[in-house]
2 protein chains.
Amino acid sequence: MKNDTALMNENNQTHALLISDAKKLVQSYPRVPITVDCVIFGFDENELKILLIRSDLEIFRDKWSLLGDFAGDNEVLDDAAYRVLRERTGMEDVYLEQVRTFSHPDRHPGGRVLTVAYCSLLNIEHHQLKKMDNELHWHSVKHITEMAFDHQQIMNECYKWLQKRIQEHPLGFNLLPEKFSLRELQNLYEAILDIKMDRRNFRKKFFAMDFLIDTGEYEDDVPHRPGKLYQFDFHKYSHTKKKWNGIDF
Amino acid sequence: MKNDTALMNENNQTHALLISDAKKLVQSYPRVPITVDCVIFGFDENELKILLIRSDLEIFRDKWSLLGDFAGDNEVLDDAAYRVLRERTGMEDVYLEQVRTFSHPDRHPGGRVLTVAYCSLLNIEHHQLKKMDNELHWHSVKHITEMAFDHQQIMNECYKWLQKRIQEHPLGFNLLPEKFSLRELQNLYEAILDIKMDRRNFRKKFFAMDFLIDTGEYEDDVPHRPGKLYQFDFHKYSHTKKKWNGIDF
DNA sequence: AAGTCATTGTGTAAAAATAACACTTTAAAA
DNA sequence: TTTTAAAGTGTTATTTTTACACAATGACTT
């Protein structure tokens with residue numbers, strides 16, 4: 001399997017023979033179909049949601065599937081993932097990040113297909129499900145089961161990734177309206193991390209970070225005292241990122 | 001590019017046509033050669049090292065390359081990465097983890113080749129470079145340049161990954177002898193994180209974690225007062241893992 | 001044997017971060 | 001006007017982090 005061509009010389013040393021025809025070398029490699037799969041999270045009714053479509057494979061009839069597509073011939077995988085999002089949701093500038101690659105040879109019933117999982121976060125309000133994609137729906141992450149392929153595993157890994165990521169990076173704001181109340185923000189964290197947090201300490205924490213811009217506006221659709229609306233100051237954040245040098249495990 | 005076959009029916013609703021022949025579907029996908037590349041870190045003389053080989057491509061003559069190989073026809077990528085390690089270093093039970101996938105179409109001069117980067121940590125003392133691989137050498141991570149393909153970028157990403165990872169997981173012990181002094185441990189952290197740490201606080205931190213087993217032995221090759229030797233209690237650690245629920249960015 | 005050298009090993013106090021906890025205010029709805 | 005539901009707000013105790021200096025040890029030198 002190893003691909004270096006080597007020869008012993010008289011000093012018992014080796015010299016690799018240099019390969020001059022890189023194209024020929026690459027042509028000798030096995031080739032594998034590649035897909036990208038997008039784990040698209042949203043937040044609605046105080047629940048973390050995931051956008052799924054019915055599998056279009058007979059063998060997975062009635063099972064849910066991540067939004068994916070194969071990667072084009074010379075397409076960078078990030079581009080493929082953005083393309084999937086654009087084609088399915090019409091959204092352009094969404095948060096997207098590669099999570100990991102899944103390669104089990106039996107993961108696809110049609111033969112070996114390698115897939116690269118991407119995690120995307122989008123604000124459900126900004127998003128119009130395209131009518132064409134009738135079976136495209138938001139599902140509660142907590143309750144979804146019966147997924148096609150290894151998509152349950154991919155979703156779980158992306159969910160764990162998100163839980164960790166949201167603690168260390170301001171991703172969560174991609175799931176909220178541009179202007180949000182602290183209660184909404186806390187609900188988001190509680191839903192994603194699946195824990196309860198102390199309201200006073202939560203507020204103290206975010207105010208201390210000092211990345212929330214007070215818009216002066218208030219909620220207007222609530223049947224009780226409305227909360228103040230804030231925006232996240234991405235600009236200030238990007239100039240302030242600090243590095244943690246602790247050790248903790 | 002999108003692969004769902006859909007039809008409007010009289011209610012202006014869509015029904016996907018189910019695909020019954022998954023094999024045929026997969027055969028219609030473009031296929032890409034896949035490699036794994038191992039970023040193998042070691043630690044010696046208080047420096048973080050990386051194991052590299054001379055590129056065997058003419059076009060990259062005299063440049064350094066990560067240890068990689070293409071993935072076999074039905075080979076799980078993790079297995080391919082372990083195989084590369086075994087073939088190149090003779091080591092079996094080493095630490096290995098997938099980091100990310102690189103897909104730029106121009107990253108390989110022989111045409112599109114997608115590579116999945118793995119990070120591996122190994123104890124240089126336990127490792128015998130195989131004579132066959134004459135050009136296989138440890139290099140200082142700080143000083144290496146002139147790498148083949150996009151391997152410099154891959155190395156940098158894996159290095160950043162390692163810096164973060166070592167703060168939160170007990171990986172570092174894979175780079176040290178089984179029994180090590182606290183000075184060695186601190187040197188390792190200082191080298192990888194590229195910072196100076198306070199010796200007393202460093203010790204306090206590790207003793208407080210309570211995962212170090214005092215072997216009762218001492219260093220015996222130092223020209224000064226020898227330090228105590230410790231082992232990491234992986235067993236206790238695996239039963240104690242705690243979860244951090246804070247928010248910090 | 002005495003002295004020098006380099007590094008180990010140790011404690012405390014101040015500062016910062018976290019965690020626990022309850023009452024008053026506000027606006028909407030009844 | 002009253003009720004209701006959530007907003008908004010501070011203090012204290014605890015834990016964690018940081019900063020910092022000197023005595024003990026063993027190897028090496030003379």
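Residue numbers start from 1 in every chain, and the chains themselves are labelled A, B, ... in the order their sequence lines are given, proteins ahead of strands.
- The CZ atom of Arg203(A) sits 13 Å away from the P atom of dA6(D) (whole-angstrom rounding).
- When the C1' atom of dT18(D) is taken as reference, atom CE of Met197(B) falls 12 Å away, rounded to whole Å.
- Rounded to whole Å, the distance from CG on Asp220(A) to C1' on dA7(D) is 16 Å.
- Separating the CE atom of Met209(B) from the C1' atom of dT17(D) is a distance of 13 Å, rounded to the nearest angstrom.
- The stretch residues 238-249 of chain B does not touch DNA chain D, since none of its heavy atoms comes less than 4.0 Å from the strand.
- Look at CZ on Phe207(A): it is 14 Å from C1' on dG10(D), rounded to the nearest Å.
- Atoms OG and CZ, on Ser120(B) and Arg88(B) in that order, are 13.5 Å from each other to the nearest 0.5 Å.
- The phosphate of dA7(D) (OP1 or OP2) has no side-chain N or O of Lys228(A) nearer than 4.0 angstrom.
- Sequence neighbours left out, the pairs with a member in residues 218-235 of chain A that pass salt bridge (Lys or Arg N to Asp or Glu O under 4.0 Å) are Asp214(A)-Lys228(A).
- In this structure, Arg200(A) fails the cation-pi test against Phe202(A), since its NZ or CZ atom is not both closer than 6.0 Å to the six-membered ring centre and inside 45 degrees of the ring normal.
- Relative to the axis of its first five pairs, the axis of the last five pairs of the helix from dA1(C)-dT30(D) to dA30(C)-dT1(D) sits at 10°, rounded to 10 degrees.
- Distance, Phe202(A) CZ to dA7(D) C1': 14 Å, rounded to whole Å.
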Contact letters for nucleotides 20-30 of chain D, in which S counts primed atoms plus P, OP1 and OP2 and B counts the base, heavy atoms under 4.0 Å: BB--BBBS---

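- Summarising the geometry of Tyr82(B) relative to Glu92(B), their closest heavy-atom pair is CD2-O, 4.2 Å, with the distance given to 0.1 Å.
- Contact footprint of chain B on DNA chain C: nucleotides with an atom under 4.0 Å from a non-hydrogen protein atom, first to last in 5' to 3' order, dA6(C) to dT12(C).
- In this structure, the side-chain contact (heavy atoms from CB on, under 4.5 Å) partners of Asp210(A), at least two apart in sequence or on a different chain, are Lys236(A).
- Checked for salt-bridge contact, Glu168(B) and Lys164(A) meet the test: a charged N lies under 4.0 Å from a carboxylate O.
- Expressed to the nearest 0.5 Å, how far CZ of Phe207(A) lies from CG of Leu182(A) amounts to 4.5 Å.
- Rounded to whole Å, atom P of dA6(D) lies 20 Å from atom CZ of Phe180(A).
- Ring centroids of His235(B) and His239(B) are separated by less than 6.0 Å, placing the two rings close together.
- Between Asn187(A) atom CG and dA6(D) atom P there is a gap of 10 Å when expressed in whole angstrom units.
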Sequence neighbours left out, cut at 3.5 Å: what donor-acceptor pairs do the side chains of residues 41-53 of chain A make with other protein atoms?
from	atom 1	to	atom 2	distance (Å)
Asn46(A)	OD1	Asn187(A)	ND2	3.1
Glu47(A)	OE2	Ser140(A)	OG	3.2

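- Qualifying side-chain contact (heavy atoms from CB on, under 4.5 Å) partners for Tyr95(A), counting only residues two or more places apart in sequence or in other chains: Glu97(A), Leu121(A), Trp161(A), Arg165(A), Leu171(A), Asn174(A).
- Applying the side-chain contact (heavy atoms from CB on, under 4.5 Å) rule to Gln167(A) yields the partners Leu193(A), Trp244(B); only residues at least two apart in sequence or on another chain are considered.
- Applying the salt bridge (Lys or Arg N to Asp or Glu O under 4.0 Å) test to pairs two or more places apart or on separate chains, those with a residue in residues 173-186 of chain A are Lys179(A)-Glu217(A).
- Looking at residues two or more places apart in sequence or on another chain, you find a side-chain contact (heavy atoms from CB on, under 4.5 Å) between Pro170(A) and Phe173(A), Phe232(A), Tyr237(A), Phe249(B).
- Legend: residues meeting side-chain hydrogen bond (donor to acceptor under 3.5 Å, both in side chains) with Lys242(A), ordered by chain and number and at least two apart, are Asp248(B).
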